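Indexing begins at 1, ligand by ligand and atom by atom, following the structure's order. Note that this is a predicted model, so its numbers are computed, not measured.
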Amino acid sequence: MWDQAHETMPRERLRALQLERLRAVAAHACERIPFYRQAFQRKGMAPQDIRSLEDLRHLPFTVKTDLRDHYPFGLFAVPLSQVVRTHASSGTTGKPIVVGYTRRDLETWTEVIARTLGMGDVGPDDIVHNAYGYGLFTGGLGFHQGAERIGCTVIPMSGGFTERQILVLQDFGSTVLCCTPSYALNLAEEIQHAGIDPKTLKLRIGFFGAEPWSEQMRREIEARLDLVALDLYGLTEIIGPGVSSECRERRGLHIFEDHFLVEIVDPVTLEPLPPGQRGELVFTTLTKEATPVIRYRTRDISVLRDDPCPCGRTLTRMEKITGRSDDMLIIRGVNVFPSQIESLLVGVPECEPHYVLVVRREGALDALEVVVEAKPEVAARGGAALEAAAQKVRQKVHGVVGITVGVKVVPPKTLERSIGKAKRVIDERPKT
Ligand code: ADP
Ligand code: ZN
């Protein structure tokens, strides 16, 4: 464990620390950011009214459009002279939002990434192959700092140039792989294509996050790369990667609660929900100086679990993200997340786990088409084999999700490969 004192802190003490920090961050935000001052006023709340963690529910929410409306620096709580770095969200769902880091914020971030890597017992002898994108995206530099802090040998690969990545994996003997799960799969495919046996590589563990991925995808990546795959979660608005991570038990992602206060709320009523109930994740930063955020609605859907973890950490866990509410499709009244379809596709032996979902408008209804690649040997058998595979997928989706979808099974390497976050949904519906 990288930071045993915080990761195993008795809950009582942790809650006291959280309360103290919540009061401080609320005061900081209201004092320095007009947006928060007004939002608190509208709620009839002042930072000194926060007497217990239960009072959190009386504080205003922050949503993505609030950050966009104040683009680029309008929600900074310190002058730019104290900001030593900026990053921006990858803009998966629109115009990017910008965040800032003071020196202390970078320190916090470095520590939570070191803790994340500590979940996989990463140490100074490890060679960390960091294929998260370097740049405005938080993944690359975030992992870089954390791995350096531990004293690992860091290879700042960034994304793309897959052939060169494979050369480095072989020649440098990388032991730890950091990238998106879709890129891990892409790498695995190219490694196989090059005729390299993954067992000859030294990879032992991978830290995969930044996008939703199913348990079935995890098994696929583990088998193809011969490593243990851990899930980690984060978002630019809160700090970047390093908000939560799985330990080796892999029974949910431990949230670094001394820095990030978590709630799950009902996305419709916005009422906080108890552990065990699925809803939208909401985070309050407890220590951020440059861009503190209060009750940020992530749109990510998960469940909190507070049963003790055998690893000994006392930090609450969130279950693997089902998807983001922005990505939720409503097909003939049924709510569908791309990850549900993914978990079915990965189990079809005729198909490769490369897919996209195309949504179209047919009359008044939304229709979904699943486009998935065939295994080379299936494609080699010709059109009838592809159609038979498509029929199988159609039945599976109907049987499990309960909806009728169009399915197209296409030859291998038809779909674009991602180097960062995969684009799983192509929305061809008319813009309203
Ligand atoms: P963008 O919203 O533009 O993608 P970010 O790069 O900040 O911006 O990405 C954060 C988002 O990525 C999260 O809100 C979440 O939807 C997704 N994400 C990050 N890590 C995971 C993960 N481990 N599982 C599922 N989704 C994740
Ligand atoms: Zn644990």
Which pair of heavy atoms, one from Leu53 and one from Leu261, lies closest together, and at what distance?
CD2-CD2, 4.2 Å
When you look for heavy atoms under 4.0 Å from ligand 1, do you find them on the side chain of Asp231, its backbone, both, or neither?
side chain
Nearest 0.5 Å, please: how far is CG in Leu345 from CD in Glu220?
11.0 Å
Is ligand 1 under 4.0 Å from a heavy atom in the side chain of Phe137, in the backbone, in both, or in neither?
side chain
Does the side chain of Arg204 come within less than 4.5 Å of Val228's, by heavy atoms?
no
Give the C-alpha distance, both sets of side-chain angles, the deciding distance and a yes or no for side chain to side chain donor-acceptor pair (under 3.5 Å) between Tyr233 and Asp300.
CA-CA 10 Å; Tyr233 168 87; Asp300 294 325; 2.7 Å; yes
If the Zn ion (ligand 2) is the vertex, what is the angle to NE2 of His254 and SG of Cys309, rounded to 10 degrees?
110°
Over-ring placement of Arg164 relative to Phe161, 6.0 Å and 45° cut-offs
yes
A student checking ligand 1 against Leu232 at a 4.0 Å heavy-atom cut-off should list atoms 20 (N), 22 (C), 23 (N)
Report, in ascending order of atom number, the atoms of ligand 1 lying under 4.0 Å from any heavy atom of Thr236.
5 (P), 6 (O), 7 (O)
Of Glu237, Lys64, His87, Lys421, which has the heavy atom at the shortest distance from atom 5 (P) of ligand 1?
Lys421
Consider salt bridge (Lys or Arg N to Asp or Glu O under 4.0 Å). Of Asp306, Asp307, Asp231, which one does Arg317 pass it with?
Asp307
Looking only at distances, please establish whether an N/O atom of ligand 1 is found under 3.5 Å from an N/O atom of Trp213.
no
Counting heavy atoms under 4.0 Å, the part of Thr138 that contacts ligand 1 is neither
At a non-hydrogen distance cut-off of under 4.0 Å, which region of Asp300 contacts ligand 1 (side chain, backbone, both, or neither)?
side chain
Looking only at atom types and distance, does a side-chain atom of Ser158 sit under 3.5 Å from a main-chain N or O of Tyr134, one as donor and one as acceptor?
yes
